[in-house]
Each structure stands twice: as structure tokens, then as C-alpha cells.
Amino acid sequence: MKKSDISAFFAILQAANPHPRTELEYSSHFELLTAVLLSAQATDVGVNKATRKLFPVANTPRAILDLGQEGLEGYIQTIGLYRSKARHLLQTCRILLEQYGGEVPATREALEALPGVGRKTANVVLNVAFGQPTMAVDTHIFRVGNRTGLAPGATPLAVEQGLLKRIPKEYLQHAHHWLILLGRYVCQARKPRCWECSVAAYCDFKPKTEQT
DNA sequence: ATCCCGAGGG
DNA sequence: CCCTCTGGAT
């Protein structure tokens, strides 16, 4: 994709959705961290369904710890990978209490040191909670970056670095959510809905058979 | 490279 | 049935 096309690409996404927001439901930094940790290889619809029951009962590190492994599993059993997520979240809560006074740390280094928090999750928290222009490359952004030609790459890190380099600064803050939403609702994994895509004119991917 | 691992869609 | 979903740890 040409450089001038990248500006046009994001101008269109911005015009359609000036203030994009995560679809995960949360009301504090800790709830956000918890929701993002639970969202690995899971839909945010499924995560919200679980956290709507969990957060009213426990939305602090102390309260989550008090649930224990079994208690916490009971709330998140409908989410994939729930045993590891329960274990990681409990360990993370312990660290938050012991090292950060129960608060969510605001640096990449501290976030990635938490069990269950890798580069992608840290990037989401840094972007959404702390307003940093990070690019969390999840399954959607990895696919969209490659398919569109926006930032082709063999690994999520390569795509992340390509996007950070190529996206104009004024769009970086919200680019994460625009690309997520594009991938989720239009540039879908199995059947991309190119016929109703607002940025198809600037995209390298051209489907062979047109559909309705 | 492999494991974890339920829900929803096609 | 198979694929996908805002991955991370071993």
C-alpha cells in the first residue's frame, strides 16, 4: 500500500468512527487489565458475559484473591483457557498487592512481568488505560495488516513495528481500535466482506469471486 | 512447537 | 464437523 493511501485509509476510518472504544466492559484500570487478560483467544462478548457477574462480586486484587482458584474458575468457566487464566490472574493480583499497592502499573516492563500478560495485553492496557500510542497486534490486526498490505509481516511483532512506522502520528492513538473493528466486522477471517468495506479502494487484497 | 480450552458461527 | 476468537507460558 502506498503512503498516500495509508493516510486516506485512516481518514476514512476516523470519519466513520471519530471516538473508537474497546468493546470490553470495565470501570477501572484493574477491571480493564482483568478483562484483557481474560480475552486471550476469546470473544469480548464472552468475556463481558463473565465479567458482568464477576466484577460486582470482585473487582479488586484483594477480592479476586479471596475467591481462590475454584471460586474464580466458577465465574470464568465459559471462557476458553479458563484454568490457566484463573491461575495467572490470581498470581497477578498477588503481585499487584505486594509490589504496586493494588494499582495497575503503567510501564510495559512492569505489565509484561505479570503472569498472563504478554506484549499484546500490555499494549492494550498502555493504550486504553494510559493513552499511549501503542499497537497491540491481535489475531485481527495481524490478519488485516497482512491482507491489506498496510504492514505485512510474518510475526505479530513485525506487523506491530510496521504499523508504528507507517501510520501517521495523528492516527496512531486510535488506529488500534479502528483496525480491530475493521477486522471483526468487515475484514473477517473466513469471508472478508469486501463489497461493503469502506477502505477497499486502498486495500491490496482483491477477492476473486464477488459476493452479495 | 505445543498446550490450554469454551462458545459461537458456518 | 471445522474454524475463529483483542495470547501466553513452557
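From a predicted model like this one, the values you see are computed outputs, not experimental measurements. Proteins get letters first, then strands, A, B, ... in listed order; numbering begins at 1 in each.
Listed pair A:R119 / C:dG8 fails the phosphate criterion, with no side-chain N or O lying under 4.0 Å from OP1 or OP2. A:K49 has a side-chain polar atom (N or O) that falls below the 4.0 Å cut-off from OP1 or OP2 of B:dG8. At C:dC2, none of the side-chain N or O atoms of A:R190 fall inside 4.0 Å of OP1 or OP2 (strictly under the cut-off). The side chain of A:T139 places an N or O atom within less than 4.0 Å of a non-bridging phosphate oxygen (OP1 or OP2) of C:dC5. A:H140 has a side-chain polar atom (N or O) that falls below the 4.0 Å cut-off from OP1 or OP2 of C:dC5.
Put simply, CD on A:Q41 is 10 Å from C1' on C:dG8, counting in whole angstrom units. As rounded to whole Å, 16 Å separates atom C1' of C:dG8 from atom CZ of A:F142. C:dG7 atom C1' lies 14 Å from atom CG of A:L157, rounded to whole Å. Nucleotide C:dG8 holds its C1' atom 14 Å from the CG atom of A:L33, rounded to whole Å. Look at NZ on A:K120: it is 9 Å from P on C:dT6, rounded to the nearest Å. The distance between atom CD1 of A:I79 and atom P of C:dT4, rounded to the nearest whole Å, is 21 Å. In this structure, A:K191 atom NZ and C:dC2 atom P are separated by 18 Å, rounded to whole Å.
Rounded to whole Å, the separation between the C1' atoms of C:dC5 and B:dC5 comes to 12 Å. With both ends at atom P, the span from C:dA9 to B:dA7 equals 24 Å, rounded to whole Å.
Here A:V137 lies out of heavy-atom contact (under 4.0 Å) with every strand. As judged by a 4.0 angstrom heavy-atom cut-off over every strand, A:L38 is placed among residues making no nucleic acid contact. A:Q77 comes within 4.0 angstrom of sugar-phosphate atoms only, judged by non-hydrogen atoms across all strands, and of no base. Note on A:L81: a base of the nucleic acid sits closer than 4.0 angstrom, heavy atoms only. Using a 4.0 Å heavy-atom criterion, one finds that A:A42 contacts the bases of the nucleic acid, with or without backbone contacts as well. When heavy atoms are screened at a 4.0 angstrom cut-off, A:R87 is found touching no nucleic acid atom at all. Residue A:P156 is classed as having no contact, given no heavy-atom separation below 4.0 Å to the nucleic acid.
A:W178 and A:Y171 have perpendicular rings, their planes meeting at more than 60° on a 0 to 90° scale where under 30° would count as parallel.
Heavy atoms from other residues, nucleotides or ligands lying under 6.0 Å from NZ of A:K206 number more than 12.
The ring of A:F130 has its center closer than 6.0 angstrom to the ring center of A:H29.
For the ring pair (Phe, Tyr, Trp, His ring centres under 6.0 Å) condition, no pair includes a residue of residues 65-95 of chain A, sequence neighbours left out.
Among C:dC5, C:dA9, B:dC5, the nucleotide with an atom closest to any side-chain atom of A:H88 is C:dA9. When distances run from any side-chain atom of A:R184 to the nucleotides C:dC5, C:dT6, B:dG6, the shortest one goes to C:dT6. When distances are taken from the side chain of A:D138 to each of C:dG7, B:dA7, B:dC5, the shortest belongs to C:dG7.
Applying the 3.5 Å distance criterion, the base of C:dT6 shares no donor-acceptor pair with the side chain of A:T121.
The side-chain contact (heavy atoms from CB on, under 4.5 Å) with A:D44 is formed by just one residue from the set A:L24, A:T22, A:V36; it is A:L24.
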